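Encoded as structure tokens, the structure appears first; notes follow it.
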Amino acid sequence: MCTQVGIVGAGPAGLFLSLLLQRAGIDCVVLEAKSREYVESRVRAGVLEQGTVDLMADLGVDGRLRRECMLDETLDIRFSGRLIHLDLPALTNGKLVHIYGQQEVVKDLIAARLAAGGTLHFEAEVISIDGLTGDKPTIHFEHDGKDETLACDVIAGCDGFHGVCRPAIPEGVLTVYDREFPFSWLGILSESAPLAEMTYANHDRGFALCSRRSPKVARLYVQCPPGDELDDWPDARIWDELHVRLGDPGRTELQEGRIFQKNIAPVRSFVSAPMQYGRLFLAGDASHIVPPTGAKGLTLAVADVRVLSRALIEFFRAGASARLERYSDTCLRRIWKVVRYSTYMTTLLHRPPEQTAFDRQIQLAELDYILNSRAAQTTIAENYVGLPFEED
Ligand code: FAS
Ligand code: PHB
């Protein structure tokens, strides 16, 4: 088998890239280790920046999103019995965010890829990649019980944080920047009406967040110790902590319901640079992880592949490699700004176990400053709705 671009991974990065290349007439093959059912049911992100929505529209895959998504025009932060209410359009000249589950985005992208006759193999686990410094790198994968090989001109490593592509880059090439926060996020989906606004809370007992997937499905998170497991968090304890941390001790505001999805995810910032090595180009979580506090992981994956697709189109059409050569630098400018914002919001809203009394006072002073400063609120709002895409 051979193709121009071998794409490892059918998450948002790999799927958006495949559609952008396919539209440009560039042959690509997507190899996904998991089943279609698995990737379409994996609950993760929920906030889409306008740039991502615009790209879906540009690709003609936004029909269901337009019908089913919710528009978020506000962002609330609760602390010490007080409320910071951000009116996003007022603070950002009319911008807002869309709420639409990542798994729904993935469904729409897969449907579009298959409808267009694009090659997308599920349960095709990439075992290794090699020949990266030549002009014909190779992907070795298992599919239908057979060992397969895919010869490529370029490999796009879109295989997430635990994939095989980043580790294929030799020792000494990558610089890794890593910060693991001393807490995790327990996330649930519940059959219950969410709060009216996207609501973050900084409480003495820790962080909490109330988002949503529909008017009848709430997406809720609580900060928990890094070693916790789901067994440590029976439903009753989750609701207790949500009511207290969201400032609803009387249990009159936040509606409870059947919890039908639970997961615990670590909170970390991770960036590996450069994002390319020979004919291998990393995109999305394969290269970077941002704390979910900023709701930016999916957005960053999309931003990477917008840059990569433009560079690959120039490379295959004109034989020019200037954009490809500066791919990593172009993406990292945005990545670090988003890591900065996500790290700031994580530090602002969480209660680390070793937090000193001094740090707690600084945190409360920062929240009080934001409450009374339009400039501070504008800064948060413009990052939350999304920075302009890097024009490379
Ligand atoms: P992905 O991890 O989505 O996709 C990589 C794909 O590669 C997967 O389908 C995987 O199966 C496949 N793969 C891996 N190894 C392979 C191999 N050897 N061969 C073939 N295929 C292979 N972001 C937010 O913005 N907001 C959130 O609330 C949020 N919550 C999250 C919760 C969790 C539990 C996790 C893990 C992440 C969360 N994120 C969130 C971040 C998340 O949305 C990612 O940023 C996003 O999925 C990145 O997309 P990709 O880069 O495509 O990586
Ligand atoms: C979500 O809806 O999943 C969500 C919203 C805001 C965040 C993180 C996740 O900061």
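Only heavy atoms go into these numbers, but all of them, side chains included; no hydrogens, no water, no symmetry mates. Here the structure is a predicted model, which is why all the values come from computation and not from measurement. We count ligands from 1, going down the list as the structure has it; atoms in each ligand are counted the same way.
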L31, portion touching ligand 1 at heavy-atom distance under 4.0 Å: backbone
Protein contact to atom 22 (C) of ligand 1 [nearest heavy atom, distance to 0.1 Å]: A33 CB, 3.8 Å
Nearest protein heavy atom with distance in Å, relative to atom 2 (O) of ligand 2: S211 OG, 2.6 Å
Parallel under 30°, tilted from 30 to 60°, perpendicular over 60°: which one fits the rings of F141 and H121? parallel
Give yes if a backbone or side-chain nitrogen or oxygen of K296 is under 3.5 Å from a nitrogen or oxygen of ligand 1, and no if not. yes
Name the closest protein heavy atom to atom 47 (O) of ligand 1, giving the residue it belongs to and the distance to 0.1 Å. Q102 NE2, 3.0 Å
For F183 and H350, take the angle between the two ring planes, folded into 0 to 90°, and tell me which bin it lands in: parallel under 30, tilted 30 to 60, perpendicular over 60. parallel
Can you find a non-hydrogen atom of M345 under 4.0 Å from ligand 2? no
Do D108 and Y100 have a side chain donor and acceptor closer than 3.5 Å? yes
heavy-atom search around atom 14 (C) of ligand 1 in the protein gives D159 O, 3.2 Å
N or O contact, P12 vs ligand 1, cut-off under 3.5 Å: yes
Side-chain H-bond candidate by donor/acceptor type, D304 with H288, under 3.5 Å: yes
Between ligand 1 and A124, can you find any atom pair, the residue atom being a heavy atom, that is separated by under 4.0 Å? yes
Close approach of R42 to ligand 1, heavy atoms, under 4.0 angstrom: yes
Side chain or backbone, does E125 bring an N or O within less than 3.5 Å of an N or O on ligand 1? no
Region of A45 engaging ligand 1 - heavy atom pairs below 4.0 Å: both
Heavy atom of Y221 under 4.0 Å from ligand 1? yes
Quick one: nearest non-hydrogen protein atom to atom 10 (O) of ligand 2, plus distance? Y200 OH, 2.7 Å
Considering only protein heavy atoms, which is closest to atom 5 (C) of ligand 2, and at what distance to one decimal place? V47 CG2, 3.4 Å
Will you find, in the side chains of E256 and S192, an N or O donor that is under 3.5 Å from an N or O acceptor? no
Taking only heavy atoms of P292 into account, list the atoms of ligand 2 that are under 4.0 Å away from them. 7 (C), 8 (C), 10 (O)
Report the nearest protein non-hydrogen atom to atom 4 (O) of ligand 1: residue, atom name, distance rounded to 0.1 Å. G11 CA, 3.5 Å
Nearest protein heavy atom to atom 48 (C) of ligand 1, by residue and atom, and its distance? D285 OD1, 3.3 Å
Number the atoms of ligand 2 from 1 as they appear, then name those within less than 4.0 Å of a heavy atom of T293, with their elements. 10 (O)
Salt-bridge present (D58, R23; N to O < 4.0 Å): yes
The closest protein heavy-atom partner of atom 30 (N) of ligand 1 is R44 C, 3.8 Å
Considering distance alone, does some N or O of A13 sit under 3.5 Å from an N or O of ligand 1? yes
Less than 4.0 Å from atom 18 (N) of ligand 1, is there any heavy atom belonging to the protein? yes
Contact check: G284 vs ligand 1, nitrogen or oxygen atoms, below 3.5 angstrom: no
Would a distance-only check, ignoring hydrogens and angles, find a side-chain to backbone donor-acceptor pair under 3.5 Å from Y341 to W336? no
When you compare ligand 1 with G297, is there at least one nitrogen or oxygen pair between them that comes in under 3.5 angstrom? yes
Of the protein's non-hydrogen atoms, which lies at the shortest distance from atom 1 (C) of ligand 2, and what is that distance? R213 NH2, 3.4 Å
Ignoring hydrogens, just give me the one of P194, G294, A295, G101 whose non-hydrogen atom is nearest atom 7 (C) of ligand 2. A295
Does S342 use its side chain to pair, donor to acceptor, with the backbone of V339 at less than 3.5 Å? no
Do R351 and Q223 get their side chains close enough for a donor-acceptor pair, meaning under 3.5 Å? no
Just to confirm my output: which protein heavy-atom neighbour is closest to atom 5 (C) of ligand 1, and how far is it? C158 O, 3.4 Å
